[in-house]
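So the structure is just underneath, and the comments pick up after that.
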Amino acid sequence: MYKVFIFDLDGTLLDTLQDLANAVNYALRQHGMPEHSIDDVRRFVGNGVRLLMERAVPDGAGNPQFEAAFATFRQYYMEHSLDTTRPYDGIPELLRALKHRGCRLAVVSNKMMAATQELCVHFFPEIEVAIGEHEAEGIRKKPAPDTVCEALRQLGCDKQGAVYVGDSDVDIMTARNSGLPCISVLWGFRDRQFLTAHGATTFVSHPSELNLSP
């Protein structure tokens with residue numbers, strides 16, 4: 001059975017979509033830009049908050065107001081990341097069960113480092129290592145393997161018996177680039193058809209199934 005679980009955060013452990021959408025639209029309003037539906041934001045997420053805002057702002061990073069809008073988003077989100085965000089049903093029970101089994105648990109996210117760590121501390125005391133958008137030179141964000149390797153280093157574990165769990169195409173690529181098996185969850189921001197088209201082969205429909213994984 002797997003003994004080390006590396007989890008994505010948004011769309012895997014936490015339903016953060018409404019708070020992300022609220023922060024995006026607040027920033028857009030403040031800078032006189034058109035807002036987006038929550039389904040739009042669902043399509044935009046997965047590659048870090050900068051790319052999220054590049055997709056949300058008209059003309060992306062080429063917009064003269066982009067950096068100001070991005071800064072507004074970051075400030076607002078840090079102040080409101082807990083407004084509606086909640087763990088998906090069954091996630092707290094899963095993490096407690098895995099911890100009871102003696103598994104090692106980490107989170108690797110493209111979310112801002114401060115937000116990643118704050119959310120994990122608030123919701124998931126079982127998570128030993130939480131790594132977000134890394135400011136250290138040479139540590140690239142997902143789908144590069146760097147943050148996964150850093151999580152394993154901080155856990156003091158190697159890849160033997162480790163698995164990556166996520167909800168997106170970025171997570172599938174991250175697992176592949178890290179040399180880890182990937183389990184794709186079906187309760188997150190992407191559906192089975194999308195995940196299959198991007199190379200997913202192993203799926204779970206409920207968090208409890210992860211406690212039964214090989």
Side-chain angles (χ1 to χ4, degrees), residues 2-14 16-17 20 24 41-57 60-62 66-67 70-71 73-74 77-78 81 103-120 124 127-185 188-190 194-204 210 213:
Y2 295 125
K3 297 295 291 182
V4 180
F5 287 78
I6 310 292
F7 291 98
D8 171 55
L9 186 60
D10 295 40
T12 300
L13 298 182
L14 288 176
T16 56
L17 189 59
L20 286 168
V24 166
V41 176
R42 183 191 303 275
R43 290 192 296 271
F44 296 161
V45 298
N47 297 86
V49 291
R50 186 176 184 88
L51 190 52
L52 164 62
M53 286 302 290
E54 286 183 13
R55 291 165 173 166
V57 169
F66 174 77
E67 294 298 340
F70 183 43
F73 165 86
R74 288 173 67 98
Y77 185 70
M78 285 305 303
S81 63
C103 295
R104 309 298 302 280
L105 308 178
V107 160
V108 169
S109 175
N110 279 343
K111 184 187 289 293
M112 295 173 288
M113 177 73 86
T116 299
Q117 295 183 337
E118 177 184 354
L119 289 167
C120 286
F124 306 127
I127 296 295
E128 301 170 66
V129 172
I131 297 177
E133 184 180 58
H134 215 288
E135 297 178 0
E137 184 176 354
I139 296 185
R140 300 164 295 171
K141 70 178 185 178
K142 302 186 297 185
D146 303 31
T147 49
V148 171
C149 294
E150 177 64 14
L152 290 170
R153 185 192 70 79
Q154 291 188 29
L155 287 172
C157 298
D158 57 27
K159 296 178 184 179
Q160 186 69 32
V163 64
Y164 187 98
V165 182
D167 76 305
S168 74
D169 53 326
V170 173
D171 294 316
I172 295 165
M173 290 187 287
T174 300
R176 183 183 302 128
N177 293 338
S178 303
L180 296 181
C182 182
I183 298 176
S184 297
V185 308
F189 297 164
R190 304 288 186 264
F194 178 94
L195 293 168
T196 299
H198 287 83
T201 57
T202 304
F203 303 92
V204 289
L210 287 165
S213 55

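Both backbone and side-chain heavy atoms feed into the values below; hydrogens, waters and symmetry mates do not.
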Run the side chain to side chain contact (heavy atoms under 4.5 Å, CB included) check on Val163 and Ile183 step by step: do they pass? CA-CA 7 Å; Val163 64; Ile183 298 176; 3.9 Å; yes
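No donor-acceptor pair closer than 3.5 Å links the side chain of Asp171 to the backbone N or O of Gly166. Between the side chain of Arg104 and the backbone N or O of Cys157 there is no donor-acceptor pair closer than 3.5 Å. The backbone N or O of Ser168 lies less than 3.5 Å from no partner atom in the side chain of Arg190, so there is not a single donor-acceptor pair. Not a single donor-acceptor pair under 3.5 Å links the side chain of Glu133 to the backbone N or O of Asn110. Put simply, the side chain of Asp169 never gets that close to the backbone of His198: no donor and acceptor are under 3.5 Å apart. For Lys142 (side chain) and Asp8 (main-chain N/O), no donor-acceptor pair under 3.5 Å exists by modelled atom type.
Residues Val45 and Asp10 fail the side-chain proximity criterion, which asks for heavy atoms closer than 4.5 Å. You'll find the side chain of Leu20 reaches within 4.5 Å of the side chain of Phe73, heavy atoms only. Side-chain contact between Phe5 and Val165: present, with at least one pair of heavy atoms (C-beta onward) separated by less than 4.5 Å. Between Phe124 and Leu105, every side-chain heavy-atom pair lies at or beyond the 4.5 Å cut-off. Side-chain contact between Glu118 and Ser81: present, with at least one pair of heavy atoms (C-beta onward) separated by less than 4.5 Å. Within the 4.5 Å cutoff, the side chain of Thr116 has no heavy atoms near those of the Ile131 side chain. Side-chain contact check for Phe7 versus Ser109: every heavy-atom pair is 4.5 Å or farther apart. Between Phe66 and Glu54 the shortest side-chain heavy-atom distance falls below 4.5 Å.
Of all non-hydrogen atoms in Thr202 and Cys182, the two that sit nearest each other are CB-O, 3.7 Å. Nearest heavy-atom pair across Asp158 and Ala162 is O-CB, 4.2 Å. In plain terms, the two heavy atoms of Met78 and Ala114 that are nearest each other are CE-CB, 3.8 Å. Of all heavy-atom pairs spanning Pro145 and Arg140, the tightest one is CD-NH2, 4.0 Å. The nearest pair of heavy atoms linking Met173 to Pro143 is CB-CB, 3.7 Å. Across all their heavy atoms, Leu195 and Asp167 have their closest contact at CD2-O, 3.4 Å.
Tested against Leu119, the residues Leu9, Val107, Leu13 include a single side chain to side chain contact (heavy atoms under 4.5 Å, CB included) partner, Leu9.
Side-chain contact of Tyr77 with Lys111: a donor-acceptor pair under 3.5 Å is present, judged by distance alone.
Taken from OG in Ser178 to OH in Tyr164, the straight-line distance is 7.5 Å, to the nearest 0.5 Å. How far OG1 of Thr174 is from NZ of Lys141: 10.5 Å, rounded to the nearest 0.5 Å. One distance of note links CE of Met53 with CD of Glu67; it measures 10.0 Å at 0.5 Å rounding.
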